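Keep in mind it's a predicted model, so treat the numbers as computed, not measured.
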Amino acid sequence: VIFRWWKISLRNEFRESRPGEIKESQEDFLDDSALHIQIAIVFGAKVLEHVLNLCRGNYDFLERLPVPLLLYIISFLELEDIARLSQVSRRFEMICNSNALWENIVENLCDTITPEMKELAQEMGWKQFFFTNRLQLQLRLRRRRQKQDAQNKTVT
């Protein structure tokens, strides 16, 4: 583990100062609580926890992937697996229940999605839209059309 720092100051006595550096083996770093405190102060507790996990050999690459890539990967999972994944962490719960994921799933599984269906899905949420049976969706679409027709008649 290499920890480097620079002093940035307007004072003349610090203008010529060189960067500082500490090099420690992973084992030594794990025992150096003073350095842990410095890292937590400068970079935050999450970065410290990540570095400690790396030194211990505990790293989760899946947890660190960007959300768009995770959405793409998760959209290929079975529904039961998505439900299980949502219980792994808060991050995965958010992703597994997101409109973006369920919009992907609906678009991958449905042959055609009309603009009217998209509007309804955005109103009710893509996950709810996915789990609503066809008869209920047709009823909701019919009611939506009737409501829009009634609004158009009052406008004209």
Side-chain angles (χ1 to χ4, degrees), residues 1-6 8 22 24-27 29-156:
V1 176
I2 301 172
F3 183 62
R4 292 186 179 122
W5 66 89
W6 292 262
I8 300 172
I22 295 175
E24 291 188 353
S25 69
Q26 292 179 359
E27 294 81 21
F29 175 75
L30 288 171
D31 295 330
D32 192 345
S33 59
L35 187 54
H36 296 176
I37 292 169
Q38 289 177 345
I39 291 173
I41 289 170
V42 174
F43 297 106
K46 283 188 174 187
V47 170
L48 173 62
E49 188 63 30
H50 178 66
V51 172
L52 289 171
N53 282 330
L54 287 173
C55 290
R56 292 179 188 127
N58 303 329
Y59 37 86
D60 184 359
F61 293 113
L62 190 61
E63 189 71 43
R64 302 198 63 81
L65 288 176
V67 172
L69 182 56
L70 283 171
L71 287 169
Y72 179 74
I73 293 168
I74 295 169
S75 69
F76 292 102
L77 295 177
E78 297 293 327
L79 296 178
E80 297 84 16
D81 296 328
I82 293 173
R84 285 187 198 107
L85 184 62
S86 73
Q87 297 172 349
V88 167
S89 68
R90 286 187 186 139
R91 182 171 191 235
F92 282 117
E93 179 185 19
M94 179 197 72
I95 293 169
C96 289
N97 290 314
S98 71
N99 270 330
L101 173 67
W102 289 96
E103 182 177 2
N104 262 350
I105 291 170
V106 169
E107 287 176 349
N108 287 340
L109 294 177
C110 294
D111 296 332
T112 57
I113 300 172
T114 65
E116 188 178 36
M117 290 170 71
K118 271 190 173 186
E119 286 179 21
L120 180 62
Q122 288 168 346
E123 274 179 24
M124 65 189 296
W126 283 94
K127 184 177 180 181
Q128 181 69 34
F129 181 83
F130 178 82
F131 285 108
T132 304
N133 71 38
R134 286 187 175 185
L135 290 175
Q136 288 176 329
L137 285 176
Q138 288 174 350
L139 178 63
R140 284 186 180 216
L141 285 170
R142 190 176 314 119
R143 286 181 183 159
R144 201 167 187 281
R145 281 187 214 118
Q146 290 171 349
K147 188 177 179 181
Q148 286 176 345
D149 290 344
Q151 287 175 348
N152 289 341
K153 286 180 184 177
T154 56
V155 171
T156 55

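- Between R84 and L77, the closest side-chain pair of non-hydrogen atoms is not below 4.5 Å.
- Taken to the nearest 0.5 Å, the CD atom of E24 stands 5.5 Å off from the CG atom of L35.
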Side chain to side chain contact (heavy atoms under 4.5 Å, CB included) evaluation trace for Y72 with L65: CA-CA 11 Å; Y72 179 74; L65 288 176; over 6 Å; no

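- Residues V106 and E103 have side chains not in contact (no heavy-atom distance under 4.5 Å, counting atoms from C-beta outward).
- Between L48 and H36, the shortest heavy-atom contact is CD2-O, 3.5 Å.
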Check against side chain to side chain contact (heavy atoms under 4.5 Å, CB included), Q26 and L54: CA-CA 9 Å; Q26 292 179 359; L54 287 173; over 6 Å; no

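- Note: L141 CG to T114 OG1 = 6.5 Å, rounded to the nearest 0.5 Å.
- Looking at F3 and V51, their side chains never come closer than 4.5 Å, going by heavy atoms from C-beta outward.
- The nearest pair of heavy atoms linking W126 to N99 is N-OD1, 2.9 Å.
- Every residue two or more places apart in sequence or in another chain that forms a salt bridge (charged side-chain N to carboxylate O under 4.0 Å, His left out) with R144 is listed here: E119, E123.
- Here F131 contributes atom CZ and W102 contributes atom CH2; the two are 4.0 Å apart, rounded to the nearest 0.5 Å.
- Closest of all the heavy-atom pairs between N108 and S75 is ND2-OG, 4.0 Å.
- Taking CG of L85 as the start and SG of C96 as the end, the distance is 4.0 Å to the nearest 0.5 Å.
- Here I39 contributes atom CD1 and F29 contributes atom CZ; the two are 3.5 Å apart, rounded to the nearest 0.5 Å.
- In this structure, D81 CG and F76 CZ are separated by 14.0 Å, a value rounded to the nearest 0.5 Å.
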Stepwise side chain to side chain contact (heavy atoms under 4.5 Å, CB included) check, H50 with K46: CA-CA 6 Å; H50 178 66; K46 283 188 174 187; over 6 Å; no

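- With sequence neighbours excluded, no residue satisfies side-chain hydrogen bond (donor to acceptor under 3.5 Å, both in side chains) with R140.
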Step-by-step side chain to side chain contact (heavy atoms under 4.5 Å, CB included) determination, F92 to L70: CA-CA 9 Å; F92 282 117; L70 283 171; 4.0 Å; yes

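- Contact detail for I95 and I74: the closest heavy-atom pair is CG2-CD1, 3.7 Å.
- Side-chain contact between D32 and I22 is absent, with no heavy-atom pair separated by less than 4.5 Å.
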